[in-house]
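To start, the structure under review is shown below, and the notes come after it.
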Amino acid sequence: MAEFNAAMGIPYFETDLSMFYGVSPRQGYAILGQKAQEEDRRLHNNPSKLETRGRKPLLTPKQINQADSFLRDAGWDARVLTWAQLASELEFDVSGDTMKRAMGSLDYHKCIACSKGWVSAQSAQKRREFAETMLVLKPTPADWLDVRFSDEVHWRVGPQGKMRIIRRPGERYCGDCIQEQLNRDDEKEWEAAHSWAAIGYEFKSELSFYNVPGNRNGKLMLRVYREEILELLVRPWLDRGDRFILEEDNDSGHGGGSSNNIVARWKQKHGLDYYFNCASSPDLSPIENCWQPPKQYLKKYPHWDEFETRELAYEGWQK
């Protein structure tokens, strides 16, 4: 009777099933209860059934995996796309924000592409030792008030600048995420300006521009450093009685290569108190943080003229 009713679509009671199979109603209920436990009818406990609750995602897991594969296979050309461009490239009919949220589920995000590799273990150890040594020599912030941090910077406006890329944690220095330096052959027509400055407690020097005869990359030479920076800028500080320690990076142009070069002799003759920063350690010199604002100011004005570059760089430094 129960099978006939089921085949005909006629409603029937659970007791009818018990009678048909020759079991007591109690046993029938127990059998049905056991069956229900084996096949949980609640949707979130049954992976074989599709979820029908809530709003459907605009991108399916298959599409997200497709985007993941595209970023890994296409390399740099895919990484530099905006989220909207990535969706368009994959022919997904979604907005850039939707693409961003979906890829965020795989920890993808946008960041500035790196152009340098990891600090080596040897360099990292030297930086740590240097920092610990300086902390012993100058343990409090007040001990650093007499230090003037100096640095050179090169101003050049290129056609590309820093790129923002799509990457995941751990991919910062992978080959697809590092921005390649522009070909030097393409830079022959560029005009660059090279300058030097120093900062300290309640102190900021003028931005001084210098030229290096014989090269275009701004590599500072001993004679140029002595004549155009030490003589013209630093010596007046000494003559007026300023009490300071000049911090320099350990560049050969600063006299760090030998104790008997023309720069080292000049420092000794004029009684300049100085020290060299740890090699490959720009983060231990606060002046490194001062270059970004004027460089951002300079990028507002696309141009190729050296004189104009100097003027705008100076304006940015003053700001």
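The shown structure was predicted, so the numbers you read here are calculated from the model rather than taken from an experiment.
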Is the count of non-hydrogen atoms from other residues, nucleotides or ligands lying under 6.0 Å from [X] atom [atom1] greater than 12?
| X | atom1 | value |
| --- | --- | --- |
| R243 | CZ | no |
| D239 | CG | yes |
| K100 | NZ | no |

So how far is it from T82 OG1 to M99 CE, rounded to the nearest 0.5 Å?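 Output value for this atom pair is 10.5 Å.
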Less than 3.5 Å apart, any donor N or O on the side chain of [X] or [Y] sitting next to an acceptor on the other?
| X | Y | value |
| --- | --- | --- |
| W266 | E231 | yes |
| Y201 | D146 | no |
| E248 | Y225 | yes |
| H254 | D249 | yes |

If we ignore hydrogens and angles and just use 3.5 Å, is the side chain of [X] paired with the main-chain N or O of [Y] as donor and acceptor?
| X | Y | value |
| --- | --- | --- |
| N65 | K62 | no |
| S95 | T98 | yes |
| E247 | S150 | yes |
| Q63 | T60 | yes |

Of all the heavy-atom pairs spanning G255 and A264, show the shortest one and how long it is.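 Shortest heavy-atom separation between G255 and A264 comes out as O-CB, 4.4 Å.
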List the atom of L71, the atom of R79, and the distance in Å for their closest heavy-atom pair.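 Heavy-atom minimum between the residues: O-NE, 3.6 Å.
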Below 4.0 angstrom, N of the basic side chain to O of the carboxylate: do R148 and D242 qualify?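 A salt bridge links R148 with D242.
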Check whether any side-chain heavy atom of D151 sits under 4.5 Å from a side-chain heavy atom of W196, and report yes or no.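 The answer is no; the side chains never approach within 4.5 Å.
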Heavy-atom side-chain proximity of L246 to F149 below 4.5 angstrom: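 No. Closest side-chain heavy atoms not under 4.5 Å.
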Does E132 have any side-chain hydrogen bond (donor to acceptor under 3.5 Å, both in side chains) partners at least two apart in sequence or in another chain, and if so, which?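 R128.
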Under the rule for side-chain contact (heavy atoms from CB on, under 4.5 Å), what residues qualify as partners of Q268, not counting sequence neighbours?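 So Q268 forms no side-chain contact (heavy atoms from CB on, under 4.5 Å) with any residue.
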